[in-house]
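Here the structure is laid out as C-alpha cells; the discussion comes afterwards.
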Number of protein chains: 2
Amino acid sequence: MKRATLRDIAQVLGVTVATVSRALKNYPDISSATKQTVLATAERLHYAPHPMAVKLRQQAYKVVGVVVPDIVHPFFSDVISGIVDVMEALGYHIILSQSNESYEKEIRVTQMLQATGVDGLLVCLSNETVSIDHLRALQEYDLPVVLFDKISPLLDASSVVTNDFQGAYDAVAHLLDQGYTRIAHIKGPPHPENTRQRFLGYQAALAAYGLPFRPEYVAECHTVTHEEGATFALRFMALPEPPQALFAVSDSVAIGAITALKEAGWRVPQDMAVIGFSDWSVCRMLEPSVSSVSQPGYDIGRRASELLLREIRQLREELPPEHSRVVLDATVQVRQSSLRPTAG
Amino acid sequence: MKRATLRDIAQVLGVTVATVSRALKNYPDISSATKQTVLATAERLHYAPHPMAVKLRQQAYKVVGVVVPDIVHPFFSDVISGIVDVMEALGYHIILSQSNESYEKEIRVTQMLQATGVDGLLVCLSNETVSIDHLRALQEYDLPVVLFDKISPLLDASSVVTNDFQGAYDAVAHLLDQGYTRIAHIKGPPHPENTRQRFLGYQAALAAYGLPFRPEYVAECHTVTHEEGATFALRFMALPEPPQALFAVSDSVAIGAITALKEAGWRVPQDMAVIGFSDWSVCRMLEPSVSSVSQPGYDIGRRASELLLREIRQLREELPPEHSRVVLDATVQVRQSSLRPTAG
DNA sequence: CTGAAAGCGCTAACAA
DNA sequence: TTGTTAGCGCTTTCAG
C-alpha cells in the first residue's frame, strides 16, 4: 500500500494542502467542520506525515547518536538503557554505534552519525583515542556532544562519569573499618583514567587511616581477566606476610582471585577478604557472594541524556550551550566475600 | 559555523547547483576543470550533503529499527553487536528501542520507529505479545520486518532463531553419553516457546537413549533466578533416588543449583553434574567452570540483518520480497561442571 | 558540457 | 477561515 500524502487528502476534499496541514495540527484558525472532515479522511487513507519531509523543514531530527567502545558489556548496556528511557520519553530515538576501542573507528562512526543526521552525540571515548579533534569538528557545526564514562579534559563539553576514586576509597575504607590493616590491590593498566582513579582511591584510603603503602601489596593487570586475578592472588598468598584483604579493580579479577584462593584451600573471607568493582549480576549468585562497587550505569545514561537534550534545546533557541560536569557516586555493595567474621 | 549547501558552492563559482551536484558525484558528462574547482571549494567550505534533503529525494533512509525486550541482557547485547557490524559495513545505522517485555510498549515503539523513518525493522517479540497486527500493519506499508529469537508463526516474515531443541538435546546427550541415566531438568515457565523447546529436547534425548521420563526429575521455574535453581537443587537432593546430573534452562539457574549443592556438601560434578544454557561469560570463571549451551547471538544478529537488507533491496527493485526461516544451532560448551570423573 | 526547472512532502508567512 | 506562494536542500530529467 502506498502511503497517503497531504496532497492526497487535499485532492479528495477539494482543498489545498495548507488547509490540510493546518487541520491536522489543529491550528487556531480553522473551522471545526473542515477539521473534522480532514481528520476523518486522513484516518481513512491512513495518513502519516513523511518523516524526512518534516525533518527537512524543521531542521531537527529527533535522533541522537550514541557511541560506545563495546556494546557487549554489562556496564554499557546499563548506560544505553538509561539513555533509551530518557530519550524515548521525549520522542527521541537513538542510533547506536560502537568504536571497538579503535580511534580510527571512533572517528569513522562519529562522522557517519553526523552525515546520517543526528541532533547530538553521546560518546564514551575509546581507550585508543589520542585526540579529540573529530569531536571538536562536530561542535563547530553546532552538533552538541556529551561525553560519558571515558572523557577527555581537552574537549569543552558536558560530561558524566562515575566517581571511581570515591568508589575505591569507600571499598577500601569498608575493609579498613572492619579492622583489616594489610590490604592488597590488583590495579588496572595505567592508561584508562578510570582504573587509575581506583588505584588513587585505594592509596588515599590507606593514607587516611594512617597505614603505609606497601608496594608488594600492589599488582598491575594487563588483560584484566580472571586469570590475572588468580595469578596475583597466588602471588599475594606466597608473601611472607600475606595481605588479609584484597581490593580488585574489576569483578572478573576478583572472581578469579576468589577461585584461586579457594582452590589453594584459603577461605573467603576468613583467610582473605575480597571486594571487586562493577557489581556484575553474578556477584550475587556466587558462594560466597561477592562484594563489589556498583557503578551507576543507568543513571549515567539518564544524566548524560538530560544534559544533551538541554544543549540541543539551547542551541535551537540560539542560546549559548551550557556545559556541566557531573560526577556520580559509586556504591559499595557489601556481601559475604568482604565481611570479616566477628571474633568469638 | 553554518554548514555549506550546494547553493553556497554554486554562488562562489558562478555556476548552478545542478552542476555542483553533478560534479560532486562525478557524473560522466562533466569537464574535469569544473569538477576540480567544485571539489576544491566544497572541501574549502566543508561541504557535506544535508542528510534529510538526500533522504527525502531518494526515499531511502539507510536506517533500520531494532526492537528487543530488554537491552540489559547479554544475549541481546550479542545480537545487537552482530546487527551493528553488518549494518554499519553497508552504511546503515540502527535505531535501538526496547519493549520492556510489554505488548503495549512494543506497539508504541514500532509505530514510533515507522514514524521516525526506517527502511525496515528487526524485532524480537516481547513475552507479553499476543497479536502481531502491529507488525502486519508495518508490512502493509512496505516496511519489511524480520523477527529474531522470539518469533511468531502468525506473521509471514523472515525469522532467525536458535535451535533450542537441538541445543537441549545435545546437552542432555552429552550427559547420557557419559553414562548418566538419572538426569533432572529445571525447565522454564510454559510460555516462551524457546524454553519449552529446551524441555522437549530434554525429553527427546531421554527417549532416544531409551530412558524413562521421570516427572519427579522435572521442576518448573517461575522467575528463572538462581534462587529457584537453589531451591530445586535441594528438592532433587532430597529425593529417595536423587538424579546424577542436572540440565538447567538457564545459567542463572545452573549457578544457583551449583551453589546450593556445594553448600550442602555435594561435589560438582562428582555428586551431581550440572549444565546450563546461554553460556554467560562467568561460566568460564567459576570453580568448577560451568558447562553450558552457547546461543549464537552474534550470528543471529548477522543473519537477521542480512535477511532484512535483502528484503529492503528487493522492495526497492519492486521484486516480491522473499522470506526465509533460519534456525541456527546452539553449541554445547563442555567444562568441569558436567564432566563425569573417569572411574579408576 | 551546463543551465533551467520541476519536484520529493511539508510548513509558514502573507494575502485575501 | 482558507488559498497563494515560497522554500527547506537535493536530484534529475529535459533543453540548449
Side-chain angles (χ1 to χ4, degrees), chain A residues 1-39 41-42 45-63 114-119 141-143 316, chain B residues 1-39 41-42 45-63 114-119 141-143 316:
Chain A
M1 204 197 310
K2 217 68 224 92
R3 56 155 69 248
T5 71
L6 283 190
R7 191 163 47 194
D8 297 332
I9 303 179
Q11 263 166 357
V12 168
L13 299 178
V15 294
T16 152
V17 291
T19 343
V20 178
S21 172
R22 281 184 285 236
L24 288 173
K25 12 184 45 192
N26 50 320
Y27 258 54
D29 290 346
I30 188 88
S31 81
S32 59
T34 47
K35 179 144 74 181
Q36 288 317 313
T37 43
V38 167
L39 285 171
T41 52
L45 301 183
H46 293 112
Y47 169 79
H50 187 112
M52 293 314 148
V54 176
K55 292 175 189 191
L56 176 58
R57 273 298 324 216
Q58 335 244 277
Q59 303 285 33
Y61 314 118
K62 293 279 227 166
V63 174
Q114 181 184 28
T116 208
V118 293
D119 294 314
Y141 287 99
D142 289 335
L143 200 56
R316 205 171 34 231
Chain B
M1 201 200 306
K2 219 64 224 94
R3 56 156 67 249
T5 71
L6 283 189
R7 190 163 48 193
D8 296 334
I9 303 178
Q11 264 166 357
V12 168
L13 299 178
V15 293
T16 154
V17 290
T19 337
V20 177
S21 171
R22 282 186 282 237
L24 287 174
K25 14 187 42 192
N26 51 319
Y27 259 55
D29 289 347
I30 188 91
S31 82
S32 60
T34 47
K35 178 144 74 178
Q36 289 316 312
T37 42
V38 167
L39 285 171
T41 51
L45 300 182
H46 294 111
Y47 170 78
H50 187 112
M52 294 313 148
V54 177
K55 292 175 189 190
L56 176 59
R57 274 298 322 222
Q58 333 244 282
Q59 303 286 36
Y61 314 118
K62 291 277 223 168
V63 174
Q114 180 184 28
T116 209
V118 294
D119 295 313
Y141 288 100
D142 290 334
L143 200 56
R316 206 173 32 232

Between [N] ([atom2]) and [X] ([atom1]): distance, integer Å:
X: L6(B); N: dA5(C); atom1: CG; atom2: C1'; answer: 16 Å
X: Q11(B); N: dC10(D); atom1: CD; atom2: P; answer: 13 Å
X: M52(A); N: dC10(C); atom1: CE; atom2: P; answer: 13 Å
X: R57(B); N: dG9(C); atom1: CZ; atom2: C1'; answer: 12 Å
X: L24(A); N: dT1(D); atom1: CG; atom2: P; answer: 17 Å
X: I9(A); N: dG9(C); atom1: CD1; atom2: P; answer: 13 Å
X: K55(A); N: dC10(C); atom1: NZ; atom2: P; answer: 14 Å
X: D8(A); N: dC8(C); atom1: CG; atom2: C1'; answer: 13 Å

Just wondering, do H50(B) and T5(B) contact through their side chains at under 4.5 Å, heavy atoms? no
Is the distance from OP1 or OP2 of [N] to the nearest side-chain N or O of [X] less than 4.0 Å?
X: T34(A); N: dT2(D); result: yes
X: Y61(A); N: dC8(D); result: no
X: S21(A); N: dC10(C); result: no
X: Y27(B); N: dT2(C); result: no
X: Q59(B); N: dT11(D); result: no

Closest non-hydrogen contact found for T19(A) with V15(A) is OG1-CB, 4.1 Å
For residues S21(B) and L6(B), report the shortest heavy-atom separation together with the two atoms involved. CB-CD1, 3.8 Å
Does any donor-acceptor pair link the side chain of R22(B) with the base of dG3(C) at a separation under 3.5 Å? yes
Nearest to the side chain of V54(A), which nucleotide is it out of dT11(C), dT12(D), dC10(D)? dT11(C)
Would you indicate which nucleotide in dC1(C), dT11(C), dG9(D) comes nearest to any side-chain atom of T5(B)? dG9(D)
Verify, without hydrogens or angle tests, whether D119(A) (side chain) and A60(A) (backbone) share a donor-acceptor contact under 3.5 angstrom. no
Judged by atom type as modelled, is there a donor-acceptor pair below 3.5 Å linking the side chain of K55(B) to the main-chain atoms of K62(B)? no
If you pin L56(B) and I30(B) to their nearest nucleotides in DNA chain C, which one's is more 5'? I30(B)
5' precedence on DNA chain C between T16(B) and A53(B) (nearest-nucleotide basis): T16(B)
